[in-house]
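Everything numeric in this text was worked out from a predicted model, so none of it was measured.
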Amino acid sequence: MFRALADPTRRRLLDALFKEDGQTLGALEGRFKMTRFGVMKHLNQLEEAGLVVTKKRGREKLHFLNPVPIRLVHDRWVSKYAEPWASGLSGLKNKLEARVEKVFEIYIKTTPERLWEAITDSEIRSKYNFGVRIDSDWTKGSRFATSHPASDAPLGEGQNLEVDPPRRLVQSMRALWDDDVKKEGTSRVTWEIEPVGDSCRLTVTHDQLREGANEELYGGWPMILSGLKTWLETGELLTTPGSLMYATPATASTKR
């Protein structure tokens with residue numbers, strides 16, 4: 001990742017995706033004074049580093065900025081020293097963005113079955129998802145609800161639109177934790193698991209968001225996925241201030 005970031009052209013490509021996510025190669029090419037092949041080569045290196053994720057939309061191939069690897073660096077070195085400053089800047093970044101689709105990708109050394117269990121098991125989910133539990137029978141068309149021991153009311157609800165264990169889970173989602181997010185209505189979250197050697201590539205797509213949607217709906221994904229990776233690979237919980245902000249004391253101290 002650091003090697004990919006060392007090149008100024010690749011940093012400018014990430015800046016371009018930061019300003020407007022989901023761009024085609026042609027759109028990105030128009031921003032640089034270099035050949036199409038040159039832009040493609042830089043994008044390939046960013047994709048190999050996990051900093052860019054591509055998604056097919058008909059005949060077009062769209063490029064998305066993936067913040068998860070940078071979040072992992074943040075969790076390892078930055079947050080313990082400067083979490084309040086980093087969180088404030090991250091909030092400012094999200095407030096200035098106006099995107100309707102968010103794509104997050106991470107590689108985790110585990111099996112598809114174990115990863116699926118971690119996504120759908122309420123007790124496991126609470127370990128890396130700010131103490132939040134999820135309850136459902138995980139059949140197509142069924143409902144789910146999320147809750148937290150510190151809250152008397154549900155934090156979210158939705159429907160399981162596609163359930164294909166251990167490969168794909170598509171859910172509608174409506175946030176309920178305060179009046180501001182309730183106004184956003186329903187969005188969609190897609191979990192895709194792909195085996196890669198002895199690991200899995202997990203891609204989470206949060207879409208059907210309105211332009212300028214409240215950043216609370218999607219801003220926590222990098223930390224949630226970082227916590228998921230940490231727990232599955234080490235049995236430990238993230239102990240950064242942000243990851244423990246809403247965790248219950250029992251959850252914060254429990255190991256696998």
Side-chain angles (χ1 to χ4, degrees), residues 1 14 17 21 46-47 49-55 64-79 83 86-87 90-91 93-94 97 99 101-134 144 146 155-156 166-171 173 175 187-196 199-207 209 215-247 251-252 256:
M1 185 187 73
L14 293 177
L17 292 175
D21 220 1
L46 289 170
E47 193 171 350
L51 294 166
V52 167
V53 180
T54 59
K55 300 282 279 187
F64 294 86
L65 175 65
N66 180 31
V68 175
I70 297 174
R71 180 75 221 193
L72 289 171
V73 172
H74 170 276
D75 288 337
R76 180 167 180 176
W77 288 305
V78 178
S79 60
E83 174 70 23
S87 295
S90 176
K93 167 187 176 294
N94 289 332
E97 291 180 312
R99 297 182 284 180
E101 181 176 17
K102 307 289 179 178
V103 182
F104 307 91
E105 181 179 272
I106 192 168
Y107 287 81
I108 304 174
K109 190 171 184 180
T110 188
T111 64
E113 292 77 14
R114 183 61 174 152
L115 180 50
W116 180 270
E117 180 187 23
I119 293 169
T120 57
D121 183 275
S122 188
E123 181 64 28
I124 297 175
R125 183 101 165 220
S126 69
K127 295 180 184 298
Y128 61 85
N129 194 20
F130 311 125
V132 174
R133 303 178 66 89
I134 186 166
F144 73 88
T146 58
L155 298 182
R167 293 185 294 271
R168 180 178 168 89
L169 174 65
V170 183
Q171 301 172 293
M173 191 273 283
S187 57
R188 182 176 63 181
V189 177
T190 301
W191 306 73
E192 295 174 289
I193 300 171
E194 180 184 351
V196 180
S199 302
C200 290
R201 176 169 61 201
L202 173 63
T203 304
V204 175
T205 303
H206 194 165
D207 61 3
L209 296 159
E215 65 268 19
E216 289 186 22
L217 290 178
Y218 55 83
W221 281 116
M223 191 178 294
I224 291 169
L225 297 180
S226 297
L228 173 59
K229 175 181 174 68
T230 298
W231 190 80
L232 280 172
E233 292 184 345
T234 70
E236 301 288 339
L237 306 183
L238 284 183
T239 56
T240 57
S243 64
L244 297 179
M245 189 180 303
Y246 303 105
T251 301
R256 180 171 57 183

With [X] via side-chain contact (heavy atoms from CB on, under 4.5 Å) - residues at least two apart:
X      : result
Thr205 : Lys55, Glu101, Val103, Thr190, Glu192, Thr203, Asp207
Glu113 : Thr111, Pro166
Pro195 : Pro112
Arg167 : Asp164

(request) Quick one: closest heavy-atom pair of Pro222 and Pro67, and the distance? (result) CG-CG, 3.9 Å

(request) Search all heavy atoms of Gly220 against all heavy atoms of Phe130 and return the closest pair with its distance. (result) O-CZ, 4.2 Å

(message) Measuring from atom CD1 of Ile124 to atom CG of Leu232, what distance do you get when rounded to the nearest 0.5 angstrom?
(response) 7.5 Å

(request) Mind checking the CG-CG spacing from Leu228 to Leu202? Nearest 0.5 Å is all I need. (result) 6.5 Å

(request) With sequence neighbours excluded, tell me which residues meet side chain to side chain donor-acceptor pair (under 3.5 Å) with Ser199. (result) none

(request) Return yes if some donor-acceptor pair links the side-chain N/O of Tyr128 with the main-chain N/O of Ala118 below 3.5 Å, else return no. (result) yes

(message) Can a donor-acceptor pair be found, under 3.5 Å and without considering hydrogens, that links the side chain of Asp21 to the backbone of Lys102?
(response) no

(request) State which residues pass salt bridge (charged side-chain N to carboxylate O under 4.0 Å, His left out) with Glu194; sequence neighbours excluded, sorted by chain then number. (result) Arg201

(request) Just jot down the salt bridge (charged side-chain N to carboxylate O under 4.0 Å, His left out) partners of Arg125, sequence neighbours excluded, or say none. (result) none

(message) Using the rule given for side chain to side chain contact (heavy atoms under 4.5 Å, CB included), can you reason through Asn66 versus Leu51, listing the C-alpha separation, both sets of side-chain angles and the distance that settles it, and then say yes or no?
(response) CA-CA 5 Å; Asn66 180 31; Leu51 294 166; 5.7 Å; no

(request) Mind checking ring pair (Phe, Tyr, Trp, His ring centres under 6.0 Å) for Trp191 and listing every partner two or more places apart, or none if nothing turns up? (result) Trp221

